Structures are given as C-alpha cells and as structure tokens.
2 protein chains.
Amino acid sequence: MTRKPLVRFRMRITTGDVIAIGPGKVELLEAIDRTGSITSAAASLGMSYRRAWLLLDTLNRALRGPAVDSARGGDQGGGSALTDAGRELVALYRHVESTAASACRRDIERLLGLLAR
Amino acid sequence: MTRKPLVRFRMRITTGDVIAIGPGKVELLEAIDRTGSITSAAASLGMSYRRAWLLLDTLNRALRGPAVDSARGGDQGGGSALTDAGRELVALYRHVESTAASACRRDIERLLGLLAR
DNA sequence: CAACGATATGTTCGTTCGGATATAACGCTC
DNA sequence: GAGCGTTATATCCGAACGAACATATCGTTG
C-alpha cells in the first residue's frame with residue numbers, strides 16, 4: 001500500500017506569539033456549530049474538553065468580539081453557539097482554503113512528484 | 001503601538017504522521033543555499049545544528065532523492081548545497097505561497113477585520 | 001428542591017520537542 | 001601531519017503540551 005501524501009493549506013494568523021486563528025480552531029468552531037456544545041464538539045473531534053475550552057478562550061480574546069456564545073446549565077439550559085463573527089470567520093477561512101488550493105493545483109501536483117512513493 | 005497581526009499561508013505536506021514539507025524546512029533550505037553549510041544556516045536562523053540536521057534528515061527521506069548534498073570536512077572541504085530537486089522544491093513552495101496570498105487578498109483583509117486591534 | 005448536563009478552572013502526570021553538550025569521523029589547507 | 005571546520009550522532013535535561021482527573025458553578029427540567 002502506497003502512503004498517500006495529504007496536502008493542505010494551513011493558514012495561521014498570529015498576534016505576537018499567540019496563534020489567533022488556525023485550522024484546529026476552525027474545525028472546533030464547525031463542530032460546535034454542528035453539536036451545540038463544547039463538550040460534544042470536543043468529543044466528536046477526539047479532543048479533551050479542556051483543550052477545546054483553551055482554544056476557544058484564546059480565540060475569543062484575540063477577536064474583537066467572541067466567536068462563540070456560551071451558557072452554563074444542563075437540560076437544554078446551556079450550551080454554545082457560534083456568533084455571527086464566528087460564522088463569518090469559518091466561512092472566510094474555508095473559502096480561502098479552497099481558493100488557494102484551486103489556484104495552486106498544478107504546482108502542488110509537481111510538489112507531490114518530488115515525494116517518495 | 002498596535003500589535004501587527006502576521007498573516008501567512010503555511011502549507012504542509014504530510015506522509016502518514018510525518019510532516020515532509022513545511023515552512024520551516026523550506027526556510028532552512030534557503031538558508032543553506034545562502035550560506036553553503038548546515039552549521040551556518042542553522043546559526044543564521046537561530047536554530048540548533050541538531051534541529052536543522054533532523055529536519056533535513058526527515059526531508060531527505062521523504063523525497064525521492066535528497067534535497068541537500070552534504071560533505072564532511074572543513075577548510076572548504078565540506079559543506080552542503082541544494083540539489084536540483086531541493087531548488088525546485090523551494091521554488092515551487094514559494095510560488096504556491098505567493099499565488100495563494102494574492103488570490104485570497106480580499107478574504108484575508110476581511111479576516112483581519114475580525115481581530116482585536 | 002433535586003437531578004442533570006453544561007461551562008469554567010485547577011492540578012497532576014507522562015510524552016514530546018528542542019537546546020545544550022560531547023564526541024567521532026572526515027576532508028581540505030598549510 | 002597538525003589544525004580547522006564541517007557533517008553525523010548520542011546523551012542529558014528542561015520546557016511545553018496535552019490527557020486525565022477533579023471540582024465548582026450554573027440554568028433548566030421535572
């Protein structure tokens with residue numbers, strides 16, 4: 001079986017030494033949008049709750065306004081949802097990814113040709 | 001003074017769990033091309049020789065052929081230089097970066113607008 | 001008010017990563 | 001052959017990272 005090289009653009013935006021926006025946080029936001037809570041989003045990504053929470057904390061503080069609205073309480077009392085800014089962030093990020101990938105398709109194929117099979 | 005968010009595309013190519021090609025390795029290759037040795041390339045990047053060597057080792061084994069030609073010996077006896085494959089890799093990588101950046105300029109500006117100043 | 005489930009936060013521990021250091025082998029110059 | 005500078009490699013140690021676990025707190029439901 002040949003190893004299959006995975007190619008992807010990973011865009012990061014840095015403020016000082018902190019990674020404000022990156023692929024991990026975007027994926028987490030999408031999972032929260034799907035599941036409605038940090039807990040189940042983290043579980044669905046195989047990530048600890050603590051790690052998810054720290055990522056969100058970093059993100060929310062790097063933005064003008066939070067990307068996620070969170071409320072405590074169980075039995076439908078609490079949970080988390082994306083804000084408008086959060087949704088815009090995800091959309092922009094994914095759009096950049098696909099735009100970049102299609103603009104560079106040929107070069108990427110040549111790069112893959114350099115790799116061992 | 002406002003924090004200046006640094007934006008850049010970071011493309012990585014992965015074979016299995018190993019990062020074969022990434023921004024760090026490309027930067028190192030460029031430094032070797034400039035300086036003619038792993039030692040001075042690492043120093044110019046503020047990187048330990050060990051780290052540089054490990055990066056090159058990983059890279060060379062992930063490619064069909066090595067990206068760097070190395071020879072032992074001092075007093076002009078040894079040193080390292082990029083192979084044709086190495087030079088092609090750097091050129092492709094940088095071209096992809098600039099292509100992607102210019103194709104996504106508008107989206108990136110909108111992304112930056114979401115960040116705290 | 002009791003139970004449940006979610007956020008919020010601290011602590012502990014193992015793993016990984018990289019820096020620092022040491023050493024060997026080697027090739028050119030003088 | 002001595003000296004220098006380079007590649008190549010091993011070992012040790014500290015920092016950073018993330019998982020696991022433990023609580024505390026809160027809001028809704030019944």
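Order of the sequence lines sets the chain letters (A, B, ...), proteins ahead of strands, with each chain counted from 1. Here the structure is a predicted model, which means the values were calculated and not measured.
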Exercise for the section: Determine, stepwise, if the pair B:Arg94 / B:Glu97 fulfils salt bridge (Lys or Arg N to Asp or Glu O under 4.0 Å). Expected result: CA-CA 5 Å; B:Arg94 290 304 184 199; B:Glu97 270 195 337; 2.8 Å; yes
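When rounded to the nearest whole Å, the span between CG of B:Leu45 and P of C:dG19 equals 11 Å. Straight-line distance from the CZ atom of B:Arg51 to the C1' atom of C:dT16: 13 Å, rounded to whole Å. Atom C1' of nucleotide C:dA8 and atom CZ of A:Arg61 are separated by 12 Å, given to the nearest angstrom. Counting to the nearest Å, the P atom of C:dG5 and the CD1 atom of A:Ile38 are 17 Å from each other. Note: CE (B:Met47) to C1' (C:dC17) measures 13 Å, nearest angstrom. For B:Leu54 and D:dT11, the CG to C1' distance is 13 Å, given to the nearest whole Å. For the pair B:Asp69 CG and D:dA8 P, the interatomic distance rounds to 10 Å; values are reported in whole Å.
When side chains are defined from C-beta on, A:Phe9 counts as touching B:Val96, because their heavy atoms get closer than 4.5 Å.
Side-chain N or O atoms of B:Thr83 include one that pairs as donor or acceptor with a backbone N or O of B:Pro66 at under 3.5 Å. Formation of a donor-acceptor pair under 3.5 Å by the B:Arg87 side chain with backbone atoms of B:Leu82 is found in this model.
Legend: residues meeting salt bridge (charged side-chain N to carboxylate O under 4.0 Å, His left out) with A:Arg110, ordered by chain and number and at least two apart, are B:Glu88.
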Between the protein and nucleotides 21-25 of chain C, are there any N/O to N/O pairs under 3.5 Å, and if so, what are the atom names and distances?
none

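Side-chain N/O atoms of B:Thr39 include none lying less than 4.0 angstrom from OP1 or OP2 on D:dG5.
For B:Asp75, the listed nucleotide lying nearest its side chain is D:dC4; candidates were C:dT7, D:dC4, D:dT7. Listed nucleotides: D:dT6, C:dT9, D:dA8. Nearest to the side chain of B:Trp53: D:dA8.
Between B:Ser70 and A:Gly77, the one whose closest nucleotide on DNA chain D sits nearer the 5' end is B:Ser70.
Annotation: proximity of residues 18-36 of chain A to DNA chain D (heavy atom, distance under 4.0 Å) is found for no residue.
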